[in-house]
Amino acid sequence: ICPEELEKISECLKILKQQNPEQFSQLVPMFVSIDPDRDDVKTVAEYVKDYHEAFVGFTGSAEQVKKMSKAYKVFVSVGTKDSRGDYIVDHTIVTYLMGPDNQFVGVFNKNHDSTKMAELICKYMDEYNKKTIQ
């Protein structure tokens, strides 16, 4: 996810923490790197903490990242290396909301602002909690 999306998600987390600390405490925001050649575990862990202390960062082998990308329908295209060995990774920008049972709950894209994301997360969590109480 580009830095702008991580900033938006971070702002959403701040809104949730302020407006509904109980729901916020139930969230585990996760970031998965799609560039295992540049991003090791330590790099990803440090990177996400720059955005919000609640983030947990993940990466894996090239094969694991490919499998995850396919499972979550994330388009990934690694560009050609330049003379310095640098490259761009083009990818889908999407944020998934998963339930505690690892089931898909909702999806957010770049058209959702942080306030709308926070509102929808609260709504989804309320609906989930009502189902589990019944």
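The heavy-atom pair separating C122 from L16 by the smallest distance is SG-CD2, 3.4 Å. Nearest approach of T59 to D39, heavy atoms of both residues: OG1-O, 3.3 Å. Pairing each heavy atom of P29 with each of L13, the nearest pair is CG-CD1, 3.8 Å. For A54 against F24, the heavy-atom pair with the smallest separation is CB-CZ, 4.1 Å. When all heavy atoms of S69 and V76 are compared, the pair lying nearest together is OG-CG2, 3.7 Å.
If you chain together hydrophobic residues whose side chains sit under 4.5 Å apart, I15 and F55 never meet in one group. V74 is connected to V89 through a chain of hydrophobic side-chain contacts under 4.5 Å among Ile, Leu, Val, Met, Phe, Trp and Tyr, so both are in one cluster. Under a hydrophobic-cluster definition in which Ile, Leu, Val, Met, Phe, Trp and Tyr are linked whenever side-chain heavy atoms come within less than 4.5 Å, directly or via other members, L6 and I88 are assigned to different clusters.
At a threshold of 4.5 Å between non-hydrogen side-chain atoms, the residues V107 and L97 do not count as touching. Inter-residue side-chain proximity for M68 and I34 is flagged as met; some heavy-atom pair is nearer than 4.5 Å.
S10 places a side-chain N or O within donor-acceptor distance of the main-chain N or O of Y51, the cut-off being under 3.5 Å. Proximity of a side-chain donor or acceptor of Y96 to a complementary backbone N or O of F104 within less than 3.5 Å is not detected. Side-chain atoms of T92 come within 3.5 Å of backbone N or O of F75 as a donor-acceptor pair. Within the 3.5 Å criterion, the main-chain N or O of E53 finds a donor-acceptor partner in the side chain of K49. R38 contributes a side-chain N or O that, together with a main-chain N or O of Y87, makes up a donor-acceptor pair within less than 3.5 Å.
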Task: Working for side chain to side chain contact (heavy atoms under 4.5 Å, CB included), residues V65 and S61 - done: CA-CA 6 Å; V65 170; S61 68; over 6 Å; no
Open item on the list: What verdict does the side chain to side chain contact (heavy atoms under 4.5 Å, CB included) test give for M98 and Y72, after you've listed the backbone C-alpha separation in whole Å, the side-chain angles of each residue and the deciding distance to 0.1 Å?
Closed with: CA-CA 12 Å; M98 307 298 287; Y72 285 92; 4.0 Å; yes
TODO: Show your reasoning for whether side chain to side chain contact (heavy atoms under 4.5 Å, CB included) applies to E4 and I93.
DONE: CA-CA 10 Å; E4 292 84 13; I93 299 174; over 6 Å; no
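With salt bridges taken as basic N to acidic carboxylate O contacts below 4.0 Å, one links R84 and D82. Salt bridge annotation for K8-E5: present, with a cationic side-chain nitrogen under 4.0 angstrom from a carboxylate oxygen.
Residue pairs that meet the salt bridge (Lys or Arg N to Asp or Glu O under 4.0 Å) test with at least one member in residues 56-81, sequence neighbours left out, do not exist here. Applying the salt bridge (Lys or Arg N to Asp or Glu O under 4.0 Å) test to every pair with at least one member in residues 91-101, sequence neighbours left out, gives no pairs at all.
Ring pair Y47/F31: centre-to-centre distance below 6.0 Å.
A donor and an acceptor atom, one from each side chain of S77 and D90, are nowhere located under 3.5 Å apart.
Expressed to the nearest 0.5 Å, how far CG of D37 lies from CG of D35 amounts to 6.0 Å. Between I9 atom CD1 and M117 atom CE the span is 5.0 Å, to the nearest 0.5 Å. Atom OG of S114 and atom CD of E7 lie 10.5 Å apart (nearest 0.5 Å). To the nearest 0.5 Å, atom NZ of residue K116 and atom CD1 of residue I121 are 12.0 Å apart. Note that CG of L120 is 9.0 Å distant from SG of C12, once rounded to the nearest 0.5 Å. Remark: D40 CG to E46 CD distance equals 8.5 Å, nearest 0.5 Å.
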